[in-house]
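In what follows, a structure is listed as structure tokens, so that the remarks can point back to it.
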Amino acid sequence: VQLQASGGGLVQAGGSLRLSCETSARTFSSSHMGWFRQAPGKEREFVAAITRRGGNTYYSDSVKGRFTISRDNAKNTVYLQMNSLKQEDMAVYYCAADTAAVLAVYVPSRPDLYDYWGQGTQVTVSS
């Protein structure tokens with residue numbers, strides 16, 4: 001399973017970016033998908049997640065109301081729309097897939113539940 005994240009770049013504070021994560025997996029539509037980020041010197045942190053059919057979405061408190069996660073199962077792609085970007089959003093963003101997708105035990109913020117990870121895409125926010 002390969003995950004290819006894209007869409008990162010340089011944006012001014014207050015601006016927007018949309019990240020995409022395309023996967024080659026035929027299991028995409030049955031996988032929960034998550035976005036995490038890691039800033040220099042900090043641990044990887046949960047950003048957002050979406051269940052396999054898109055029925056449930058989850059966000060960290062720091063991005064709630066500004067970021068939106070969505071998915072297109074026909075395109076095997078998950079998106080992260082990021083609005084009102086702040087300097088504290090600057091990080092490498094990673095997409096991840098939980099192919100087991102057992103909803104009863106799904107804790108979207110737990111990175112150990114995700115068994116496949118993309119390579120990361122850099123988001124830089126200037127003041």
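Start at 1 with the first residue, then count along the sequence. The basis for the numbers below is simple: all heavy atoms, side chains too, and nothing from hydrogens, waters or symmetry mates.
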* Structure fact -> In short, Pro108 meets Tyr114 closest at the heavy-atom pair O-OH, 2.8 Å
* Asked: Is there a donor-acceptor pair closer than 3.5 Å between any side-chain N or O of Thr77 and the backbone N or O of Asp72?
  -> no
* Hey, quick one: are Tyr79 and Phe67 part of the same hydrophobic cluster, counting side-chain heavy atoms closer than 4.5 Å, chains of contacts allowed? -> no
* Show the numbers, then the answer: is there a side chain to side chain contact (heavy atoms under 4.5 Å, CB included) between Glu45 and Arg37? => CA-CA 5 Å; Glu45 65 170 350; Arg37 67 187 182 188; 2.6 Å; yes
* To do: Hey, could you give me the CD1/OG distance between Ile50 and Ser70, rounded to the nearest 0.5 Å?
  => 6.0 Å
* Would you check if Val11 and Thr124 make a side-chain contact, meaning some heavy-atom pair closer than 4.5 Å? => no
* Asked: Does Leu3 share a hydrophobic cluster with Leu80, counting links as ILVMFWY side-chain heavy atoms below 4.5 Å and allowing steps through other members?
  -> yes
* To do: Taking the side chain as every heavy atom from C-beta outward, state whether Trp35 and Leu19 have any atom pair closer than 4.5 Å.
  => yes
* Interatomic spacing from OG in Ser109 to CZ in Phe36 - rounded to 0.5 Å -> 7.0 Å
* Does Asp115 use its side chain to pair, donor to acceptor, with the backbone of Ala100 at less than 3.5 Å? -> no
* Structure fact -> Note: Tyr106 and Met33 closest approach over all heavy atoms is OH-O, 4.0 Å
* Considering residues, nucleotides and ligands other than Gln2, do more than 12 of their heavy atoms fall under 6.0 Å from its CD? -> no
* To the nearest 0.5 Å, what is the distance between OG (Ser127) and CD (Gln87)? -> 4.5 Å
* side chain to side chain contact (heavy atoms under 4.5 Å, CB included) between Tyr59 and Ile69, worked out -> CA-CA 9 Å; Tyr59 298 93; Ile69 189 170; 3.5 Å; yes
* Following the transitive rule for hydrophobic clusters with a side-chain heavy-atom cut-off under 4.5 Å over Ile, Leu, Val, Met, Phe, Trp and Tyr, establish whether Tyr116 and Val92 coincide in one cluster. => no
* Take atom CD in Gln12; do more than 12 heavy atoms of anything else shown fall under 6.0 Å from it? -> no
* Asked: Quick one: does Gln38's side chain get under 4.5 Å of Tyr93's, heavy atoms only?
  -> no
* Hey, is the main chain of Gly8 close enough, under 3.5 Å, to the side chain of Thr121 for a donor-acceptor pair? -> yes
* Please answer whether the main-chain N or O of Asp98 pairs with a side-chain N or O of His32 as donor and acceptor at a distance below 3.5 Å. => no
* Is it true that a side-chain atom of Arg71 and a backbone atom of Arg52 form a donor plus acceptor pair closer than 3.5 Å? -> yes
* Asked: Should the pair Glu22-Lys75 be classified as a salt bridge under the 4.0 Å nitrogen-to-oxygen rule?
  -> no
* If you count the non-hydrogen atoms of other residues, nucleotides and ligands that lie under 6.0 Å from CD in Glu43, is the total more than 12? -> no
* Between Ser16 and Asn83, a side-chain donor and acceptor under 3.5 Å -> yes
* Asked: Between Thr51 (side chain) and Asn56 (backbone), is there a donor-acceptor pair under 3.5 Å?
  -> yes
* Quick one: does Arg66's side chain have a donor or acceptor within less than 3.5 Å of a partner on Ser62's backbone? -> yes
* List the steps, then state whether salt bridge (charged side-chain N to carboxylate O under 4.0 Å, His left out) holds for Lys86 with Asp89. => CA-CA 5 Å; Lys86 305 175 181 179; Asp89 295 318; over 6 Å; no
* Has Arg110 got its NZ or CZ under 6.0 Å from the middle of the six-membered ring of Phe46, at an angle within 45 degrees of the ring axis? -> no
* Asked: Are any side-chain N or O atoms of Gln119 and backbone N or O atoms of Ala5, one a donor and one an acceptor, separated by less than 3.5 Å?
  -> yes
* Evaluate the ring planes of Trp117 and Tyr94, with Trp represented by its six-membered ring, and classify them as parallel (under 30°), tilted (30 to 60°) or perpendicular (over 60°). => perpendicular
* Asked: If Ile, Leu, Val, Met, Phe, Trp and Tyr residues are connected whenever their side-chain heavy atoms lie under 4.5 Å apart, and connections chain through other members, are Val1 and Val78 in the same group?
  -> yes
